[in-house]
Amino acid sequence: MMLNPDKVRLIDLYDPEASISLDAFGIAEVDAEKKIDERASMAIEILEALCRRFVSPNNPSNTAYARIIQRAVNAELESQRTAGTTPSMRGVLVRLDRWGTGDLRDVVNVQDEVRGKWIDMAQTLSEHLDTQSKDTLGRLLFAEPGIGRSMTVEAGSMTIFVALNLQPTEEGTEPTSTSTIHDVISGLMTDYIRSLLYRLPDEEPKVLVFDEWHVIKRTKRAEALVNWLRRMGRSKRAQVRQLSQAAVDFDTNSLSAVWAGKCQTKDSAIASCTMLEIEPNEVNIGTLMRLGAGEFLFRDQKGRIARVFVDIWDKWLLDRFNTQPDAKARLLEELRQQQPNLLSSAVAA
């Protein structure tokens, strides 16, 4: 693909060997010169999201739970100043566990009449967060900062974040423990992309590719990010590419160029007509439903539409984009022979 391997980084959230730490203290924006320190606010926001059923307005003790979380985060940051330790989400979890056993030596102003209840609530939070820290993705939120691959993205590089099977909470449904973790991960990645656009030089061209957009768009932060890019993308020299299998997944007001492939149903074809800004008549619907493999209707930035065919002449490259199980198995065996220590998860990604 004529890519420089040294400029391509794969970060697979499910693979401990190719993943990263999403510790809030480690990835939050900190700039002493500009007096920016988002560590406390980010850590509190993440912990409250993970403990949403305890800090929910429907819980009469929500204020007390939220106060314990805030004090644990602030105590973790204070330990950096007094003892020189590195603050971390794991440190917050250890602190809550200690408080839950009745060891409150680093806590002040807890009145005797509420001390017992305060300890019980700290223990409840500790047990809840400990369970989530053992989740496949939840572990990333409590991994020590610096463990795994760096989150640093340099100009001129390609960074691929792999989050297969990420399932945020569906709109209108009650969040589960797993979907809550996935909500937090999605929000973190979205915030990270926004911070990247601020940190990288404006003059550097940037391209953001969101595959499986129908999953990503479930998070309000992702939608907010795209809305922000509509206003700021040009000044940041940022392009956005959204990929999905259904035209209904896209907001047609934000599209400057469109590729529409073969449609299996009439409703899907009508949605594609809307996306292409053409009449949903029988001719256009029929054309979309009769497109062959590699054929698309393409609309450019000037609104011109053409039927185009995309062909990959390099069979080696085509095989590597083949997601059929038998093709993936053959590729995995081929790469294992070439690189015996290659992790299978990297291929599965």
Measuring from [X]:[atom1] to [Y]:[atom2], what's the distance to the nearest 0.5 Å?
X: I46; Y: C51; atom1: CD1; atom2: SG; result: 11.5 Å
X: Q132; Y: T180; atom1: CD; atom2: OG1; result: 7.0 Å
X: I285; Y: R290; atom1: CD1; atom2: CZ; result: 11.0 Å
X: D135; Y: S177; atom1: CG; atom2: OG; result: 6.5 Å
X: L243; Y: D249; atom1: CG; atom2: CG; result: 11.0 Å
X: N284; Y: C263; atom1: CG; atom2: SG; result: 11.0 Å

Ignoring hydrogens and angles, tell me if any N or O in the side chain of [X] forms a donor-acceptor pair with the backbone of [Y] under 3.5 Å.
X: T176; Y: S179; answer: yes
X: N281; Y: V283; answer: yes
X: S126; Y: A122; answer: no
X: S79; Y: T85; answer: no
X: R139; Y: T136; answer: yes
X: T131; Y: E127; answer: yes
X: K206; Y: E204; answer: yes
X: D23; Y: P145; answer: no

Can you name the nearest heavy-atom pair linking [X] to [Y], along with the distance?
X: S56; Y: N62; value: O-CB, 3.1 Å
X: S133; Y: L93; value: OG-CD2, 4.0 Å
X: R115; Y: G102; value: NH2-O, 3.9 Å
X: A260; Y: L291; value: O-CD1, 3.7 Å
X: I119; Y: G100; value: CG2-O, 3.3 Å
X: A72; Y: L96; value: CB-CD2, 4.0 Å

Would you mind reporting whether [Y] and [X] have side-chain heavy atoms less than 4.5 Å apart?
X: F296; Y: V258; value: no
X: L255; Y: F250; value: yes
X: E38; Y: V30; value: no
X: L276; Y: L288; value: yes
X: H182; Y: T169; value: no
X: F25; Y: L77; value: yes
X: V310; Y: W259; value: yes
X: R299; Y: I278; value: no

I'd like to know if [X] pairs up with [Y] as an ion pair, taking the criterion as any Lys NZ or Arg NE/NH1/NH2 lying under 4.0 Å from an Asp or Glu carboxylate oxygen.
X: D300; Y: K302; value: no
X: D183; Y: R52; value: yes
X: D326; Y: R330; value: yes
X: E295; Y: R307; value: yes
X: E203; Y: K236; value: no

message = Assess the residue pair R39 and E76 against the criterion (salt bridge (charged side-chain N to carboxylate O under 4.0 Å, His left out)); give the C-alpha distance rounded to whole Å, side-chain angles, the decisive distance to 0.1 Å, and a yes or no.
response = CA-CA 11 Å; R39 292 177 299 176; E76 187 68 10; over 6 Å; no
query = What do the steps show when you test M121 against S61 for side-chain contact (heavy atoms from CB on, under 4.5 Å), and what is the final call?
reply = CA-CA 9 Å; M121 295 173 75; S61 301; 3.8 Å; yes
request  = Could you pull out all residues at least two apart from T63 that satisfy side chain to side chain contact (heavy atoms under 4.5 Å, CB included)?
outcome  =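 Residues passing side chain to side chain contact (heavy atoms under 4.5 Å, CB included) with T63: R67.
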request  = Before giving the answer on side-chain contact (heavy atoms from CB on, under 4.5 Å), spell out for W99 and Q123 the whole-Å C-alpha distance, their side-chain angles and the decisive distance to 0.1 Å.
outcome  = CA-CA 7 Å; W99 291 354; Q123 183 179 18; over 6 Å; no
message = Does E279 have more than 12 heavy atoms from other residues, nucleotides or ligands lying within 6.0 Å of its CD?
response =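 No - once you tally the heavy atoms of other residues, nucleotides and ligands closer than 6.0 Å, there are 12 at most.
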query = For atom CD of Q245, is the number of surrounding heavy atoms from other residues, nucleotides or ligands below 6.0 Å larger than 12?
reply =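 Incorrect, the count does not exceed 12.
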Same apolar cluster (I L V M F W Y, side chains within < 4.5 Å links), [X]/[Y]:
X: L104; Y: I69; result: yes
X: I44; Y: I181; result: yes
X: V94; Y: L22; result: no

key: Full working for side-chain contact (heavy atoms from CB on, under 4.5 Å) between N74 and E78   = CA-CA 6 Å; N74 290 333; E78 178 64 15; over 6 Å; no
message = Show, in sequence, the C-alpha distance, side-chain angles and deciding distance for H128 and R53, and conclude whether the side-chain contact (heavy atoms from CB on, under 4.5 Å) test is met.
response = CA-CA 10 Å; H128 176 74; R53 65 189 176 98; 3.9 Å; yes
inquiry  = Parallel, tilted or perpendicular: which one describes the rings of F54 and Y65, with boundaries at 30° and 60°?
reply    =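 Ring orientation, 0 to 90° scale: tilted.
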query = Is there a donor-acceptor contact under 3.5 Å linking the side chains of T265 and S268?
reply =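 No pair is found: no donor N or O on one side chain lies under 3.5 Å from an acceptor on the other.
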query = Given K134 and D130, is the salt bridge (charged side-chain N to carboxylate O under 4.0 Å, His left out) satisfied, shown in steps?
reply = CA-CA 7 Å; K134 296 173 182 175; D130 181 64; 3.2 Å; yes
query = Of all residues at least two apart in sequence or in a different chain, which pass the side-chain hydrogen bond (donor to acceptor under 3.5 Å, both in side chains) check with D97?
reply =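 In terms of side-chain hydrogen bond (donor to acceptor under 3.5 Å, both in side chains), with neighbours along the sequence ignored, D97 is linked to no residue.
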